Structure formats: structure tokens, C-alpha cells
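Here's the structure, in C-alpha cells; my notes come after.
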Amino acid sequence: MIQTEQFLKEETWRYFWHPVCTLKELRDANTDGRGNRKFVQLLGEELVVAETSNGVIALNDRCPHRSASLSLGWVEDDCIRCAYHGWKYNSDGQCVEIPAAPDLPIPPNALTKKYDVQVMYNLVWVRLEQGVDIPIPDFPDYDDPEMKLVYYPTYEWKTSAARRLENFVDLQHFAWVHDGTLGDRNFPEYPVPQVDQSQGQLRWLYRPYENTRTEGANQNVVERSEYVITMPFNVQLSIYSTNSNRTGLWMISSPMDSGNCRNFTYISRNHFDDEDQVHIDFDTKVYQEDLPVIESQKPREIPNPTQEISIPQDKVLIFYRRWLKEMSNASEKGHEELQVAWSKERCETKAANNDKNVN
């Protein structure tokens, strides 16, 4: 196995919003009728998320009394009651009741850390650290009445969130991993797109060569695909077919820890005459083709550039890794520097391209 020092500092991603579960998953976790609460992991932290009358809260999962998991407890009076000794914690993580000693002043350090949480797009988003003003990514299709929306079941992969995102936007593997699904091994060549970078996003347009235009779940020939990465681990794909159909995929990879990720996906489309399950089944087939290859990558994290070889066709991934590294370096210098690195603009005046198409 390749031995490598940490190339990207995982602490950097603590300043970003990440989904940890869907609102439905949180509510479905209430199997005993004692309130909506769920254990989740984010960047190596173990958390409990819970729904109260005032909204969803997120706390560190450890009870400071005897270190039991608060997610084993229940929701009571908009607080979380620990299952071990009954200590009760409010939405700020402060202990407000010790049943065994009701007259004892509650120790000031009887608290568990509270994290920022928002519910958006029916996903529960958590931010571990404050100080950088980076919003939850936009998802325009969510409120678009012309688009039909279906949620793809949440899944976990044994790889880093960055590796998962790279797999999603890597066109070179289509002909080999997805031969007959997304690509054709007889035509492995792909154009190198022009990539624009600004305000936390990488954007590019991909037009397949005439002989590599593949058919998707709706059996329509792809005319072009538009990609938008919202840093660090979100990607939105809009696929335009030759018959004016548009299909969208919004995938967010959430870093459970440095080598494991939890993935959230919405499928959208402007054509309603086919079944949702057709699209779910197609994506399942694609992901099953990807999984053994991606989980074989070592290390699971993005390594130092000297430990992998890149070619011009890796251009998107080169841009992506460079930006991740710039943010990683900036985070060591402070919040303002990270904000600047996230907002950095870089626009090519000419596509570095031996393309046969006009992008």
C-alpha cells in the first residue's frame, strides 16, 4: 500500500455545510415512539441529530457524565434524555437535569457541543465550525415546476468524499467501467473541456464525439452535458438529449471520515411520461459498476500529486484537486484566507483542447 502523508487537511471541510441524513431518514429512525433522533458521522465526529418542536438540532453524541451515546436516548421536552443515567440536555447541549441528584447544582461543564444545523431540500445539513460565510449549495431544480424530482436512496462508499466526486465527473472511465451503459470501449477518446472557476464553483460543458453519444435511462441520445461542482463535494449534472429532454443529477458526497462517505442524490427531469423506477434502476446499475473500482483505490484519500500520474484529459480533476489544495492551505492561515480561496476566480481564455467539437 502507498504510504502518504495527508495531502488535504480534513479540518478544512469543517467550515462547510454537509448533509448527514434526509429528514425522512431522521423521522424513520423513530422506531420506538420516543422521538426523532439519529446517530450520524461527519468528518470523524459522532453526532446525534434530533427533531424538536423548534426544529432539528445537532449535538455531539457523547454524554459527558459516563460517555454513553446520546443517540441511544430519546427526545423529551425538546431535550435529549441520556439512556444511561437520565441526564437531560437542551438544544444548546447544556445539561438541565440530573435525576439522581435533583438538588445538586448542575456542573457548568455538564454540556455537550452543539453544531449548526439547517434543513434544506429535505436534507439535514450540519456545519461543524463557524467563521466562514459559505452557504449551502443551490439546487434550482428543486423548486422548478417543470422538473419532476425523485430522491435516490442514500448510500455509503468506502472512499473519501473527494474520490467519490472525482468518479462522478471523470469522463475517461465511461468507456471502460460503463461499456454499454455510458460509454463504448471502441471509442475511448474524450474531448478536453474548457473549465471556469468562480464563487466556489467549477463549470464546464461536455459534448461527446458523434460516435460516443450514449443513451441514458430514458433511451435518448445525449447531445451535451453541463457540469457544475460546488466546492468541496457537490456536483450538479444537466444532461440535454437530442429530443429536448433534460435530465438532472445532483450528488452530494458527505465525508463521514477521511476514507468513508455518505452520498445523497436527486434525479430531476422535464419529461413525466416514464416511471421514476427506470431512473433509479439505471443509476443503480451505473453505481454498481463503479463501486468495486472506486473502493479499490488506495489510499482512499486524494494523495500527493507525485503519487499519481495525470494527463491533459484529467484536466477537470487537476483543476478540482488544485482548488481543494488551495483551500486546504488557506484554512491554516485563518477564516478570511479560506473565504478568499473559496471565492477565487480562474477563467480560461481558450480551451486547452485538441477537441473535434466546439465547446
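Source: prediction; values computed, not measured. We use all heavy atoms of the structure for the numbers below, so side chains are in, but hydrogens, waters and symmetry mates are not.
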Report the C-alpha distance between H335 and Y15 in whole Å, list the side-chain angles of each, state the deciding distance to 0.1 Å, and finish with yes or no for ring-ring contact (aromatic ring centres under 6.0 Å, His included).
CA-CA 9 Å; H335 298 158; Y15 297 96; 5.1 Å; yes
When you check the gap from the basic side-chain N to the acidic O, do R300 and E295 get nearer than 4.0 Å?
no
Exercise: do T52 and N54 side chains pair donor with acceptor under 3.5 Å:
no
Going by an N to O cut-off under 4.0 Å, is there a salt bridge joining K113 and E129?
yes
Is the OH atom of Y155 crowded by more than 12 outside heavy atoms at less than 6.0 Å?
yes
Let's go through R207 and L205 carefully: what are the C-alpha distance in whole Å and the side-chain angles of both, what is the deciding distance for side-chain contact (heavy atoms from CB on, under 4.5 Å) to 0.1 Å, and is it a yes or a no?
CA-CA 7 Å; R207 292 184 187 274; L205 172 67; 3.9 Å; yes
If you define the side chain from C-beta out and look only at heavy atoms, does anything of T247 sit under 4.5 Å from S268?
no
Quick one: do D141 and R246 make a salt bridge, cutoff under 4.0 Å?
yes
If you count heavy atoms of other groups shown closer than 6.0 angstrom to CG of L104, is the number above 12?
yes
Please check if the number of heavy atoms outside E76 that lie under 6.0 Å from its CD is greater than 12.
yes
Does one side chain, of D290 or H173, offer a donor that lies under 3.5 Å from an acceptor on the other?
yes
Between Y121 and W250, is the ring centre distance below 6.0 Å?
yes
Applying salt bridge (Lys or Arg N to Asp or Glu O under 4.0 Å), can you list everything that pairs with D77, at least two apart in sequence or on another chain?
K88
Centroid-to-centroid, F319 to W204, below 6.0 Å?
no
With heavy-atom distances below 4.5 Å as the criterion, would you say the side chains of V286 and F282 are in contact?
yes
V40 and W125: same hydrophobic cluster, using ILVMFWY side-chain contacts below 4.5 Å?
no
Residues T230, Q236; criterion side-chain hydrogen bond (donor to acceptor under 3.5 Å, both in side chains); working and verdict
CA-CA 8 Å; T230 300; Q236 187 167 338; over 6 Å; no
For the pair I57 and V49, evaluate side-chain contact (heavy atoms from CB on, under 4.5 Å) and give the outcome as yes or no after the intermediate values.
CA-CA 6 Å; I57 63 172; V49 292; over 6 Å; no
Can you classify the ring geometry of Y287 versus Y152 as parallel (below 30°), tilted (30 to 60°) or perpendicular (above 60°)?
perpendicular
Y240 six-ring centre to R224 NZ/CZ under 6.0 Å and within 45° of normal
yes
When rounded to the nearest 0.5 angstrom, what is the spacing between CD in Q197 and CD in E345?
8.5 Å
Pi-cation contact, W157 with R164 (under 6.0 Å, within 45°)
yes
Classify the ring geometry between H18 and F16 as parallel (under 30°), tilted (30 to 60°) or perpendicular (over 60°).
tilted
Does any pair with a residue in residues 303-314 pass salt bridge (charged side-chain N to carboxylate O under 4.0 Å, His left out), and if so which ones, sequence neighbours excluded?
R163-E308, E308-R321
Q118 versus W17: any side-chain heavy-atom pair under 4.5 Å?
yes
Distance col, row D61:CG vs L70:CG, nearest 0.5 angstrom, shows 5.5 Å
Using 0.5 Å steps for rounding, measure from the CG atom of L59 to the OH atom of Y89.
10.0 Å
State the CG-OG1 distance between L237 and T265, to the nearest 0.5 angstrom.
11.0 Å
Tell me whether W323 shares a hydrophobic cluster with Y320, the cluster being built from Ile, Leu, Val, Met, Phe, Trp, Tyr side chains joined at under 4.5 Å.
yes
Does the plane of the ring in Y227 sit parallel, tilted or perpendicular to the ring in Y206? Use 30° and 60° as the thresholds.
tilted
Set of salt bridge (Lys or Arg N to Asp or Glu O under 4.0 Å) partners for D179, sequence neighbours left out:
R185
Hey, is D28 close enough to K38 for a salt bridge, meaning N to O under 4.0 Å?
no
Are D92 and N90 linked by a side-chain donor-acceptor pair shorter than 3.5 Å?
no
In sequence, state the C-alpha distance, the side-chain angles, and the governing distance for N60 and E45, and then conclude on side-chain contact (heavy atoms from CB on, under 4.5 Å).
CA-CA 8 Å; N60 187 284; E45 298 280 359; 3.8 Å; yes
I'd like to know whether V132 forms a side-chain contact (heavy atoms from CB on, under 4.5 Å) with W342, so could you lay out the CA-CA distance, the side-chain angles of the two residues, the decisive distance to 0.1 Å, and finally the verdict.
CA-CA 10 Å; V132 183; W342 176 82; 5.9 Å; no
Would you check if I229 and V169 make a side-chain contact, meaning some heavy-atom pair closer than 4.5 Å?
yes
